[in-house]
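Owing to the predicted nature of the structure, the values given are computational and were not obtained by experimental measurement. When a residue number appears, it is its place in the shown sequence, counting from 1.
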Amino acid sequence: MKKIVYSILCSALLLATSCTDFMDDIKPTNSITDEGIWETESSAMLFMSQVYRDLDGPYYSVNGFNDHAMDILFTDDCIQIGEGNSNKWNLFDFNASSAPLDRWSNRYTSIRRANIALQQIPESPLADDVKTRLMGDAYFLRAMFYLELFRWYGSAILIDKPLDRNTDDIFLARSTPEETLQFIISDFQNAADRLPVTVADEELGRATKGAALGMMAVTYLYAAGVVDAKYYQNAAETARILVSGDLQGTYSLYQDGFANMFLEENEHNCEVIFDIQFAYPYRWSSAQTVLAPPQPGTPAEYGWSKDHPTASLADEFEMADGKSFDWNNPEHAAAPYENREERFYATLHYDGKPWKGQILYTAQNTPSNLNLRENPNGMYSVDKPSCTKTGYYIGKYMNENVLCGYDNRGRGVGGGHNFIVLRYAEILLTLAEAENEVNGPTAEVYEAINAIRSRVGLPGLPTGLSKDEMRTRIRHERRVELALECKRWFDIQRWKIAEDVLNEDAYGCLVTYVQQPDGSIGRTYERVFVCEKTFTTPRDYLLPIPQSARDKNPNLDQNPMW
């Protein structure tokens, strides 16, 4: 199931285009293509594998660590404080020269590779069916790279060929958001027209028609919020192809445990439409080390637990009977981790949860010793920088069987699980939201949302909801179903709710073990302040264009207020 990963790795030996800036990457077009790469299918696939490898995803590492998926740290779902300047991410406290996330520079290196393929493949001696498939790969990947630029920066410089600094104008301006959107949609459609519906086992990880159409639906949904609401119609129509149209039955909801869906042993299951390939120790994700709890053992031996879910996210998950969790309900407040829905337990680690054969404690103390300092892995304080700040750790994607610390040579280790970019549940949510915006809560909307809820044992939505009420329920469902999968930030952007949800202070749950009058040990729970969060409208809805890129290109404009 991991064969494509090895060809991805081999391709790194073939290509040496490791430029870090768009302007640095402008080279003569024959600098990579004059060694017969396009003469055989195998060498062409090595080149294309490198382009696939550029879809790095969060928490990717080979010999080091990419410590954070900042997509989630910008949201109300997760925070990090206490290490260096990391709190700047929660506060959007940076500028064009110090932004913690640069998705601009390296994406143009990737786009250039895709453009080289699109230029060279049609004139190659490869068989027509091979050329068609490789063109589909290249269109899909270029669309993915431009979608990233579109969502992070609002619009992009649109380049549809490898530029040559000797003959081409390289000081290009950004196109409009509408032009950027249409470029992406065209690429996804070109990919869908050329890609197969399914792939053989040895090709797992390559894009399919469903991946191209699914990402097109996601793109339309995003555009409906940031460009024009008319794109809700396009989002619904495109998502419908996978649900009830030509691709009906190609994908389905995974039914063997919500948490199990994300584990390495269950990769490429029926729900996965597209994922980024990893295979430890060749290409691996450092998520297990960066995110996993620091116990049992010491932080050096186990996880670093850097990014911590908030009480806001934890409280969003319903009770097992489908009722909302409420701190004002005495029964809920007395036992907030009991009788919650399945996704709560699959998404979060919390005090008292079994982990690696032991009990995970996030409390100030432990039931064996009621001394605060006797729990080195408890709630964060100055002398416990590797421990949870909120009372929660990330549980999604975490695998008890993966070592989280260092190997015998002192190198960090991690997981080989793939990062799921798109799964069928998101397509159902996309269809439901778009259809509700166009036609209100139709039977199709109810069917899509209730299928997701039924999968985790929750009752269906009440009948008779208004359009606004259904919108609220869909947004809730997206937040808990797709939690910590790097979706929330883009939802906040397109719903224009950041000034509300990101100007609220972040809270956690403080757990304390107490001695009861009868000598037994009990627990108390308190929702406590953790840190402030601030958001400036409209500035923070988009990242700043890196100053280094603007220094090289006088025609590259900056986003508002940066």
Residue pair Arg142 / Asn115, side-chain donor-acceptor N/O under 3.5 Å: yes

Check ion pair Asp76-Arg479 (N to O, under 4.0 angstrom): yes

Pair Arg478 + Asp491: basic N to acidic O under 4.0 Å: yes

Sub-4.5 Å side-chain heavy-atom contact between Arg113 and Gln50: yes

Lys/Arg-Asp/Glu bridge criterion (N-O < 4.0 Å) met for Arg206, Glu203: yes

Qualifying residues under side-chain hydrogen bond (donor to acceptor under 3.5 Å, both in side chains), relative to Gln493, sequence neighbours excluded: Tyr222

Within-4.5 Å side-chain heavy-atom neighbours: Tyr345 and Glu342: no

Side-chain H-bond candidate by donor/acceptor type, Asn439 with Glu435, under 3.5 Å: yes

Over 12 non-hydrogen atoms of neighbours within 6.0 angstrom of CG in Asp228: yes

Aromatic ring proximity Trp562/Tyr153, centre distance under 6.0 Å: no

Donor-acceptor pair between Tyr541 and Glu499 side chains, under 3.5 angstrom: yes

Spacing of Asp307 atom CG and Leu484 atom CG [to the nearest 0.5 Å]: 9.5 Å

Test item: Asp77 side-chain N/O and Thr310 main-chain N/O as donor-acceptor pair under 3.5 Å: no

Lys/Arg-Asp/Glu bridge criterion (N-O < 4.0 Å) met for Glu318, Arg453: yes

Geometric class of the Phe92/Phe74 ring pair [parallel <30°, tilted 30-60°, perpendicular >60°]: parallel

Chi angles and distances behind the side chain to side chain contact (heavy atoms under 4.5 Å, CB included) call for Glu481, Arg455: CA-CA 11 Å; Glu481 174 71 23; Arg455 187 251 296 269; 3.0 Å; yes

Side-chain heavy atoms of Ser155 within contact of Ser175, under 4.5 Å: no

Tyr52 versus Asp137, side-chain donor and acceptor atoms under 3.5 Å: yes

Phe274/Phe140 under ring pair (Phe, Tyr, Trp, His ring centres under 6.0 Å): CA gap, chis, key distance, verdict: CA-CA 11 Å; Phe274 185 73; Phe140 175 81; 5.0 Å; yes

Distance-only side-chain donor-acceptor flag, Glu267 / His417, under 3.5 Å: no

Short N-O contact, Glu433 and Arg494, less than 4.0 angstrom: yes

Glu341 and Arg343 ion-paired at < 4.0 Å: yes

Under-4.0 Å salt bridge between Arg471 and Asp468: yes

